[in-house]
Enquirer: 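My questions all concern the structure below.
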Number of protein chains: 2
Amino acid sequence: MSRKILIVEDEAAIREMLSFVMEQHGYQAVEANDYHQALEKITDPLPDMILLDWMLPGGTGVQLAKKLKSDDFTRNIPIIMLTARSEEDDKIRGLEVGADDYLTKPFSPKELMARIRAVFRRVTPTALDEPIEIEGLRLDPVSHRVTAFDERLDMGPTEFKLLHFFMTHPERVYSREQLLDHVWGTNVYVEDRTVDVHIRRLRQAIAAHSHDRLVQTVRGVGYRFSAR
Amino acid sequence: MSRKILIVEDEAAIREMLSFVMEQHGYQAVEANDYHQALEKITDPLPDMILLDWMLPGGTGVQLAKKLKSDDFTRNIPIIMLTARSEEDDKIRGLEVGADDYLTKPFSPKELMARIRAVFRRVTPTALDEPIEIEGLRLDPVSHRVTAFDERLDMGPTEFKLLHFFMTHPERVYSREQLLDHVWGTNVYVEDRTVDVHIRRLRQAIAAHSHDRLVQTVRGVGYRFSAR
DNA sequence: GATAAATTTCACAAAATTGTCGCAGAGTCA
DNA sequence: TGACTCTGCGACAATTTTGTGAAATTTATC
């Protein structure tokens, strides 16, 4: 899951440095050098985070933050603001308009990455998943294990995700496309038939106590996970 | 098991109120009114939690938190910081130095207790300083030693912390990021893959009686410590 | 401030997983 | 039954992920 980060900064040197560091660490960086460019580039896939220079010409940094935080679509995107060393009270104003963290220039890439990671962690609360069990087949998201009558089963990551999805959505047919969306995630291009292969691998993995019958083919439509 | 809570607060009235509430609820309260007293009283039995006033004279609250969070023995003690209403950005600074929660004055005893319970629940469901043993592999936090069937094992500090974390949180997958958060601490940024290296060194260190199988790779996800 | 120890990063090897084929066999319908 | 479509299966090359040794960097210690 690659995350998109929007960088709003008027100084080209800093902007490029930021962009470089982001991409080095596997984030997708999008640059904007002023208020208007920022508004343009924010659409399509919304960014997962915004690095915002506070000192944009004309004080538009504050305005931008306010605008984003008052818009339903962008309200929840965390903002890290970048301030010069002396502007101590910027912090306060930043927090007022809803920035989630701040970073004082100059800062090291390490510092920056630490902050980004911290913010992501803060905004992404960890869900607590209960184990699911059907007919002796048990999937525990926490330990990331599947057992059949307490006997450990082995399978690949995709099979695990597939089974997880099935067990949380039983008694319902899903087309191959729908499964691709839910298990593989949108915006990946793979053939429909790939699903078949993973279905087979999943069945194989849980076949020991004939749990493979739980994964049912609905001819011409897709697959269903069902106890009956 | 009565838990010890250290209260660091310069205002006598508040300090005594806190102490009273703690004891009402079965906790053992220890009071300190400044930086130095806090350091004195923290020894002997380490407290299980610290309530720290952020506004200690001379800004020593922040210093104290930093010091505690950078010391091996006190790093894992949860800190709840107490801030005045207006000091909004104290939250941020607090989270930076590793405080686990904060509470804005004035607060009700109810609120306080709820927060304390929540933090205890969050940080460690397992016992604090008891030795832990799994299949002959024994880790003693007090003497800071690891043995396999009474045979002493050698490992670096990071490996020890990693093993300690694993043994107190078994049967659970952790992503490399989560391990970084829990074992390394929140305010450092290192590459994910660094975890791999320390996992290897840990496995090496405990491999003598094939305890290395306890540290399991969950492909595409992270690592798990498990007896089975 | 020099030296040693520990930590992190890097580069490459090893291992596991993935997506795609072609083909066989099963199901469907006239 | 025969023609057709759809699904299951084994194989395999490409890709991704992890393991490992060693160099580079940071941190601790005297």
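Predicted model, so just to flag it, every value in this text is computed and none were measured. Chain naming here is simple, since letters A, B, ... match the order of the sequence lines and numbering starts at 1 in each. These values consider heavy atoms only, across backbone and side chains, with no hydrogens, waters or symmetry-generated copies.
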Enquirer: If you walk 5' to 3' along DNA chain D, what is the first nucleotide with an atom under 4.0 Å of a heavy atom in chain B, and what is the last?
Expert: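 Going 5' to 3' along DNA chain D, contacts run D:dT17 to D:dG21.
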Enquirer: Decide yes or no for A:Phe166 and A:Val183: does some side-chain heavy atom of the first lie under 4.5 Å from some side-chain heavy atom of the second?
Expert: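 A side-chain contact is absent here, since even the closest heavy-atom pair is not under 4.5 Å.
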Enquirer: Are A:Val173 and A:Tyr223 side-chain neighbours, meaning at least one heavy-atom pair lies under 4.5 Å?
Expert: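 Result no, sub-4.5 Å side-chain heavy-atom pair not found.
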Enquirer: For B:Leu179 and C:dT8, what is the distance between atoms CG and C1' respectively, to the nearest whole Å?
Expert: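 Going from B:Leu179 (CG) to C:dT8 (C1'), I get 16 Å.
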Enquirer: Are B:Phe149 and B:His211 an aromatic pair, judged by ring center distance below 6.0 Å?
Expert: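 Ring-ring flag for B:His211/B:Phe149: true, centres closer than 6.0 Å.
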Enquirer: Looking at B:Arg138 and B:Asp150, is any side-chain nitrogen of the basic one under 4.0 Å from a carboxylate oxygen of the acidic one?
Expert: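 No, B:Asp150 and B:Arg138 are not salt-bridged.
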Enquirer: How does protein reach along nucleotides 15-30 of chain C, written 5' to 3' as B (base within reach of a heavy atom under 4.0 Å), S (only sugar-phosphate), or - (no contact)?
Expert: BSSBBB-----BBS--
Enquirer: Just by distance, do the side chain of A:Arg203 and the backbone of A:Val215 share a donor-acceptor pair under 3.5 Å?
Expert: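 At least one qualifying donor-acceptor pair exists.
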Enquirer: Counting the atoms with a prime plus P, OP1 and OP2 as sugar-phosphate, which does A:Phe160 contact under 4.0 Å by heavy atoms, base, sugar-phosphate, or nothing?
Expert: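 If one applies the 4.0 Å heavy-atom cut-off, A:Phe160 turns out to touch nothing in the nucleic acid.
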Enquirer: Should A:His182 and A:His169 count as side-chain neighbours, where that means a heavy-atom distance under 4.5 Å?
Expert: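 They are not in side-chain contact.
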Enquirer: Name the residue closer to the 5' end of DNA chain D, choosing between A:Gly222 and B:Asp196 according to the nucleotide with the nearest heavy atom.
Expert: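 Upstream on the strand: A:Gly222.
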Enquirer: With the side chain counted from C-beta on, respond yes when A:Phe225 and A:Met167 share a heavy-atom pair under 4.5 Å apart, and no when they do not.
Expert: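 In contact.
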Enquirer: Backbone N or O of B:Gly222 within a donor-acceptor pair of the A:His144 side chain at under 3.5 Å?
Expert: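 Looks like no, no N/O pair under 3.5 Å.
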Enquirer: Taking five pairs at each end, how big is the angle between the two axes of the helix from C:dG1-D:dC30 to C:dA30-D:dT1, to 10°?
Expert: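 Overall, the helix from C:dG1-D:dC30 to C:dA30-D:dT1 bends by 40° from one end axis to the other.
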Enquirer: If we only count heavy atoms from C-beta on, is the A:Met49 to A:Met22 side-chain gap below 4.5 Å?
Expert: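 In short, these two side chains do not touch, never coming nearer than 4.5 Å.
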Enquirer: Do B:Gln178 and B:Arg172 pass the side-chain hydrogen bond (donor to acceptor under 3.5 Å, both in side chains) test, and can you show the C-alpha distance, the side-chain angles, and the key distance before you say yes or no?
Expert: CA-CA 11 Å; B:Gln178 289 175 311; B:Arg172 235 189 121 101; over 6 Å; no
